[in-house]
Amino acid sequence: MASKEEILQKAKNAIESFNKDEAVAAAKEALDANIDPVEVITVLTEGMREVGDKFDKGEYFLPHVMAASEAMKVAVAVVEPALKAGAKAGDKLGTVVIGTVEGDIHSIGKDIVATMLGIAGFEVHDLGRDVPVTEFAAKAKEVNADIVGSSALMTTTMLNQERVEEELKKAGIRDKVKTMVGGAPITQEWADKVGADAYAESATEAVVVAKKLMASLKEVKGA
Ligand code: HCB
């Protein structure tokens with residue numbers, strides 16, 4: 001029987017070699033071997049990052065990236081039910097509105113963040129990708145959100161995270177919500193620059209950050 005490390009390596013390799021069948025098989029094998037689904041998602045993400053790095057270096061081209069994203073999607077779909085099954089029942093931690101900003105169709109990372117927040121106990125309203133900046137504020141108002149999370153993967157679209165902040169102010173709810181920004185080009189410096197309340201580097205960190213934001217929101221509201 002393959003060891004845990006071997007199975008996880010297989011899953012990562014499957015993404016890096018854009019092999020959907022192997023990605024699905026490795027994800028299933030991981031679940032059968034009782035490997036924590038969060039660990040599986042983490043290695044799949046690492047695989048996707050490697051593909052991104054190779055794309056950056058000119059070793060891979062867009063069709064490779066598209067094929068790798070497909071492999072990532074099907075593997076995540078295998079693991080997701082197990083992640084959800086492990087979700088803690090109990091009180092809702094808070095309400096989150098999340099989406100990838102206008103002009104940006106990258107959704108893999110945002111999807112993982114949305115899933116992990118849901119599993120942690122947040123009510124998540126996922127607006128999808130290429131979301132008009134006005135929609136973040138409108139949805140936040142509609143569902144009385146505690147946190148508005150935005151994702152941006154391109155230097156050109158990250159500017160729209162600042163516009164999300166502005167729209168929340170225009171809607172008169174900026175002081176009622178906490179904001180979290182993320183995505184590959186995003187940094188803490190960027191979060192500070194646009195006036196976001198927090199930056200999260202990964203989906204697991206997004207959960208930690210969201211819980212901290214809830215605590216600070218409760219302090220502000222005196223709850
Ligand atoms: Co895309 N792409 N792409 N792409 N793509 C990037 C982002 C580049 C950096 C690649 C490069 O040139 N080096 C680049 C952007 C350059 C720039 O900054 N200006 C780029 C480009 C240019 C483009 C197109 C314009 C290419 C073209 O058509 N010529 C086009 C975009 C069109 C558009 O959006 N209008 C495009 C298309 C694609 C796809 C469709 C082939 C595919 C996306 C599939 C999909 O998402 N459904 C794709 C992919 C996969 C990538 C790379 C290779 C990987 C992105 C990814 O999924 N990473 C990426 C290279 C890279 O990022 N280095 C490349 C894996 C996930 C798990 O990581 O960072 O997204 P993540 O998310 C993390 C983390 O950031 C955090 O948690 C997640 C999980 O741990 N997080 C949050 C994310 N969002 C958060 C929100 C929060 O509130 C909190 C935390």
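Note that ligands are numbered from 1 as they come in the structure, with each ligand's atoms numbered from 1 the same way. Worth knowing before you read on, the calculation uses all heavy atoms, side chains too, and leaves out hydrogens, waters and symmetry mates.
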Verify side-chain contact (heavy atoms from CB on, under 4.5 Å) between Asp130 and Glu102, making sure each step is shown before the conclusion. CA-CA 4 Å; Asp130 189 13; Glu102 197 170 321; 4.2 Å; yes
Residue pair Lys73, Asp111: steps toward the salt bridge (Lys or Arg N to Asp or Glu O under 4.0 Å) verdict: CA-CA 10 Å; Lys73 251 191 249 167; Asp111 290 348; over 6 Å; no
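Judged purely by atom type and a 3.5 angstrom limit, Tyr199 has no side-chain atom pairing as donor or acceptor with the backbone of Trp190. Side chain of Thr100 to main chain of His106: a donor-acceptor pair is present (N/O by atom type, distance under 3.5 Å, no hydrogens or angles). Lys141 places a side-chain N or O within 3.5 Å of a backbone atom of Ala171 that can act as its donor or acceptor partner.
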Under 3.5 Å: N or O atoms of ligand 1 paired with protein N or O:
from     : atom 1 : to     : atom 2 : distance (Å)
ligand 1 : 2 (N)  : His106 : NE2    : 3.1
ligand 1 : 3 (N)  : His106 : NE2    : 2.9
ligand 1 : 4 (N)  : His106 : NE2    : 2.8
ligand 1 : 5 (N)  : His106 : NE2    : 3.1
ligand 1 : 13 (N) : Asp56  : OD1    : 2.2
ligand 1 : 18 (O) : Thr155 : N      : 2.8
ligand 1 : 18 (O) : Thr155 : OG1    : 3.2
ligand 1 : 19 (N) : Thr155 : OG1    : 3.0
ligand 1 : 34 (O) : Ile105 : N      : 2.8
ligand 1 : 35 (N) : Gly103 : O      : 2.9
ligand 1 : 46 (O) : Ser107 : N      : 2.6
ligand 1 : 46 (O) : Ile108 : N      : 3.2
ligand 1 : 47 (N) : Ser107 : OG     : 3.0
ligand 1 : 47 (N) : Arg129 : NH1    : 3.4
ligand 1 : 75 (O) : Gly183 : N      : 3.4
ligand 1 : 77 (O) : Ala203 : N      : 3.3
ligand 1 : 80 (O) : Ala203 : N      : 3.0
ligand 1 : 84 (N) : Ser151 : OG     : 2.8
ligand 1 : 88 (O) : Ser150 : O      : 3.3
ligand 1 : 88 (O) : Met180 : O      : 3.4

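For the side chain to side chain donor-acceptor pair (under 3.5 Å) with Arg174, the qualifying choice from Glu167, Glu165, Glu166 is Glu165, the only one to do so.
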